[in-house]
Amino acid sequence: MNISIFGLGYVGAVSLACLARDGHKVIGVDIDPVKLALIQDGKSPVIEEGMPELMADVVSRQLVQISQDVEASLLKTELSFICVGTPSQANGSQDQTAVLRLAEQLGKALAKKTSYHTIVFRSTLLPGTVEGVLKTLLEQHSGKKDGVDFDICFQPEFLREGSSIKDYDNPPFTIVGANSERAHGVMQQMFGHLPGEYKKTDVKTAETVKYFCNIFHALKITFANEVARLCDGLAVDPFKVMDLVCADKQLNISTAYLKPGFAFGGSCLPKDLRAMQYVAKQADIEIPMLGHVLASNAVHLQQACQKILATGQRKIGMVGLSFKSGTDDLRESPLVDLAEFLIGKGKLLNIFDPEVSISKLIGANKKYIEESIPHIGDLMTTDIDALLADNPVIVLGLNDKALVADVCAKLTADHTLIDLVHLKDISMLKARYIGLCW
Ligand SMILES: NC(=O)c1ccc[n+]([C@@H]2O[C@H](COP(=O)([O-])OP(=O)(O)OC[C@H]3O[C@@H](n4cnc5c(N)ncnc54)[C@H](O)[C@@H]3O)[C@@H](O)[C@H]2O)c1
């Protein structure tokens, strides 16, 4: 294909060299004449393993042209990649000056184009930027319509400086956010050969994923480093610890615990976090990230409290009380905290939890309910039908499949359902639906 690349920093230069290597004819555009001169001489504008050889090769085979002319470059090509910088401003906000200016120029160039064109944004952009301001600029300045005369896509870039070419050839996946099958057709033709699945999504999700991949990496590094500081204080080898932490592919290095849901609780997680926080305090070790995990969990609980209060109803039915489905353990259950908060706000509660109801009569939890939370034990019912009939607001905190199906089938248009577990399918639900943060 004939491709134009706008912005020849790390992302643009590596893309230019790799696309040319793969047999495409590429025009590289930048406002920096030094970068253009380097490429013209067959030299790489960025220091990257393999780039000097690759750039020399593709330039010598005349697969690459360079230009400062946005319009001519767009008109000569069918596909454009936008790779200009989007640095931080002093206040942390994203500086979009380059991409906004470029979108205006691209729009003016598109006005003169008589055939279909695909514009792919690869710069990291705040969610909503492409379909908001960039699409508007392109349409305004071209007088044409996205999805009709041209298509816009967002394809997050996952290369890492230092191993860019390897990462370009071995991405974990290829994510393309687009609104048209025509654009996906072009992109699959370009990148379908790469290892890693080609994933279609909407534009805003693609923009967002890039942020949370990077933030997750930052979080993982910080986790390992805070663990190391704590281990240092405890005279334990952090490498032995983290090697073993990483050896667990079921719970640790896996998708476990990575689905949005309700606050965590139970007899282990909060207790063990607090114990390590105390170790840190005693040894003067700063662990700002781990030290704020419980505070973040409390904020999440408050989110549920606020959503329930916002219904303005006094009578509330809670389905679930234990800290997770399939157990009767009430120790540090966030649903118990939620119930206590609502009682404190003068709400009238009914609570249904089949596991807890049994343990209210027998088992280890009987004593806990009678001695520690008798005020909550008294609000429990074993009659789900009565709970649904008596309460206009139902808080779903249990994820038992059969119970969820039964509750959902019995809810009426007079109910409001506050979903803390993320129901998979709400299409048949008659009640007003409020998700925790979805
Ligand atoms: N560097 C990385 O490892 C990496 C990885 C993934 C995503 N990203 C994202 O990709 C984008 C580019 O990153 P980078 O590190 O390659 O940036 P960079 O700063 O190295 O390069 C950006 C280039 O854009 C050029 N430019 C600015 N305005 C222009 C215009 N109007 N027309 C043409 N060129 C123009 C600049 O002269 C510069 O050469 C950023 O949004 C970044 O967040 C970077």
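Ligands are counted one by one from 1 in listed order, and the atoms in each one are counted from 1 as well.
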Geometric cation-pi criterion, K220 with F216: 6.0 Å, 45°
yes
When you look at N297 and V293, which way does the side chain to side chain contact (heavy atoms under 4.5 Å, CB included) test go after all the steps?
CA-CA 6 Å; N297 202 42; V293 173; 5.7 Å; no
Closest approach of any protein heavy atom to [atom], naming residue and atom:
atom	value
atom 40 (C) of ligand 1	T86 OG1, 3.5 Å
atom 9 (C) of ligand 1	T124 OG1, 3.4 Å
atom 21 (O) of ligand 1	G9 CA, 3.2 Å
atom 22 (C) of ligand 1	G85 N, 3.4 Å
atom 29 (C) of ligand 1	V84 CG1, 3.6 Å

In terms of side-chain geometry, is the basic nitrogen of K204 or D202 positioned less than 4.0 Å from the acidic oxygen of its partner?
no
Ionic contact status for K271 with E332, cut-off 4.0 Å
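Answer for the salt bridge query: no.
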What distance separates F352 CZ from N391 CG, expressed to the nearest 0.5 Å?
13.0 Å
Going by atom types only, do [X] and [Y] share a side-chain donor-acceptor pair under 3.5 Å?
X	Y	answer
Q250	S254	no
S4	S73	no
E355	S322	no

If you measure every N or O of [X] against every N or O of ligand 1, does any of those distances drop under 3.5 Å?
X	result
V11	yes
K35	yes
E157	no
D30	yes
D32	no

If the cut-off is 4.0 Å to any non-hydrogen atom of [X], which atoms of ligand 1 fall inside it?
X	result
S123	10 (O), 11 (C), 41 (O)
I31	26 (N), 27 (C), 28 (N), 29 (C), 30 (C), 32 (N), 33 (C), 34 (N), 35 (C), 37 (O)
Y10	1 (N), 14 (P), 15 (O), 16 (O), 20 (O)
L159	3 (O), 5 (C)

Strictly under 4.0 Å, does any heavy atom of E161 approach an atom of ligand 1?
yes
So which bit of L125 gets within less than 4.0 Å of ligand 1, heavy atoms only: side chain, backbone, both or neither?
neither
Just heavy atoms, cut-off under 4.0 Å: does R101 contact ligand 1 by side chain, backbone, both, or neither?
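Within the 4.0 Å criterion, R101 makes no contact with ligand 1.
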For R274, is the CZ atom crowded, meaning more than 12 foreign heavy atoms sit under 6.0 Å from it?
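Buried by this count: over 12 neighbours within 6.0 Å.
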Using 30° and 60° as the class limits, which term best fits the ring planes of H300 and F262: parallel, tilted or perpendicular?
tilted
Considering only heavy atoms, which of A103, A98, C83 lies nearest to atom 12 (C) of ligand 1?
C83
Apply side chain to side chain contact (heavy atoms under 4.5 Å, CB included) to the pair F154 and T205, showing each step before the final yes or no.
CA-CA 9 Å; F154 184 83; T205 300; over 6 Å; no
